[in-house]
Amino acid sequence: MTDSAPQRVALVTGASRGIGKAIAMRLARPNTIGGGRHVVLVSRSAGPLADLQHQIESAGGSASHFAVDVADSAAFAAAIEKVAEERGRLDILVNNAGITKDGLALRMSDEDWDSVIQTNLTSAFVAIRAAARSMMRNKFGRIVNISSTSGVVGNAGQANYAAAKAGLAGLSKTIARELGGKGITCNVIAPGFIETDMTANLPQQVRDHVLGLMAVKRLGVVDDIAHAVAMITADEAGFITGQTLCVDGGMTMC
Ligand code: NAP
């Protein structure tokens, strides 16, 4: 984009903490590849989003926020459509909000299956459908679905989560094919083990085991994922679509 072109608008779900917060800060950071976006921050809790908006603005960036449960499809879709209408555009969509409800498959309740599928997979479909019209109108779009290496190679105790995350790959390839002609790309980023609230309570022996599997001998940090998202949503990344990029320190090399 040239200096006179309108600022691109990015929407990041699960932006109140962890990976989503880092993605939002990175996409807002001025004068960086894939940065300088107006970032719309989304999660269920308004307080942390307001704090993050303030933090981004204090660093010279631009942001706004709204609180919604992404599992409430009607409310989530309506909020996205409102953003696109009010801002006149929605260029970048990062479906990052996610939950785990782990348990062995044979003991997993329907409720734990359904809620993980709804929050981690169905919400991404709902968001894409709501955002696509604006992207098609502007003949530009970058969609990133945050998956997990669990969705690529499976993980005992995570049937619901791995199925939802694997589903994001099929969804993304299909969207890439359906909307590629309109200047819209759709990709998956699959983090490996990243230090956040989601992984804070894992036993030390699990952490040691995971570390042993990694080519890069350290656990991931949220900025590892944020930089990958900035790269794949850059204006220059228009020829990368339908891909799954595992950002996992060489754990799976998938
Ligand atoms: P986290 O620290 O638990 O943060 C999850 C984020 O999602 C929070 O901002 C949370 O905000 C939001 N969220 C959860 N349910 C929501 C809902 N129903 N509606 C709206 N927002 C919701 O998780 P994380 O570790 O940063 O993970 C972020 C993404 O990366 C997830 O999709 C996760 O599956 C994926 N991932 C993480 C790792 C890892 O090692 N950490 C590895 C692979 C993949 P509120 O609670 O405020 O709503």
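Because the structure is a prediction, the values reported are computed rather than measured. In listed order, ligands and their atoms are each counted from 1. Side chains included, hydrogens not; waters and symmetry mates left out as well; all remaining heavy atoms used.
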Checklist entry - If you look only at pairs with a residue in residues 200-254, which of them pass as a disulfide (SG to SG under 2.5 Å), with sequence neighbours excluded? => result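 Sorted pair list: Cys246-Cys254.
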Checklist entry - What pairs meet the disulfide (SG to SG under 2.5 Å) rule with one or both residues in residues 13-111, with sequence neighbours excluded? => result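 Output for this query is empty, none listed.
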Next on the checklist: I'd like the contact residues of ligand 1, where contact means a heavy atom below 4.0 Å.
Outcome noted: Gly14, Ala15, Ser16, Arg17, Gly18, Ile19, Ser43, Arg44, Ser45, Val68, Asp69, Val70, Asn96, Ala97, Gly98, Ile99, Thr119, Ile146, Ser147, Ser148, Tyr161, Lys165, Pro191, Gly192, Phe193, Ile194, Thr196, Asp197, Met198, Thr199
Checklist entry - Does CD in Gln204 sit with more than 12 non-hydrogen atoms of other residues, nucleotides or ligands closer than 6.0 Å? => result yes
Checklist entry - Is Asp110 atom CG crowded by more than 12 heavy atoms from other residues, nucleotides or ligands, each under 6.0 Å away? => result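 Atom CG in Asp110 is not crowded, with 12 or fewer foreign heavy atoms closer than 6.0 Å.
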Contacts under 3.5 angstrom, residues 166-174 side chains, donor-acceptor by atom type, not counting sequence neighbours:
from   : atom 1 : to     : atom 2 : distance (Å)
Ser172 : OG     : Asn145 : ND2    : 2.8
Ser172 : OG     : Leu168 : O      : 2.6
Thr174 : OG1    : Gly170 : O      : 2.9

Item to check | Short side-chain to backbone donor-acceptor contact, Thr13 and Asn95, under 3.5 Å | outcome: no
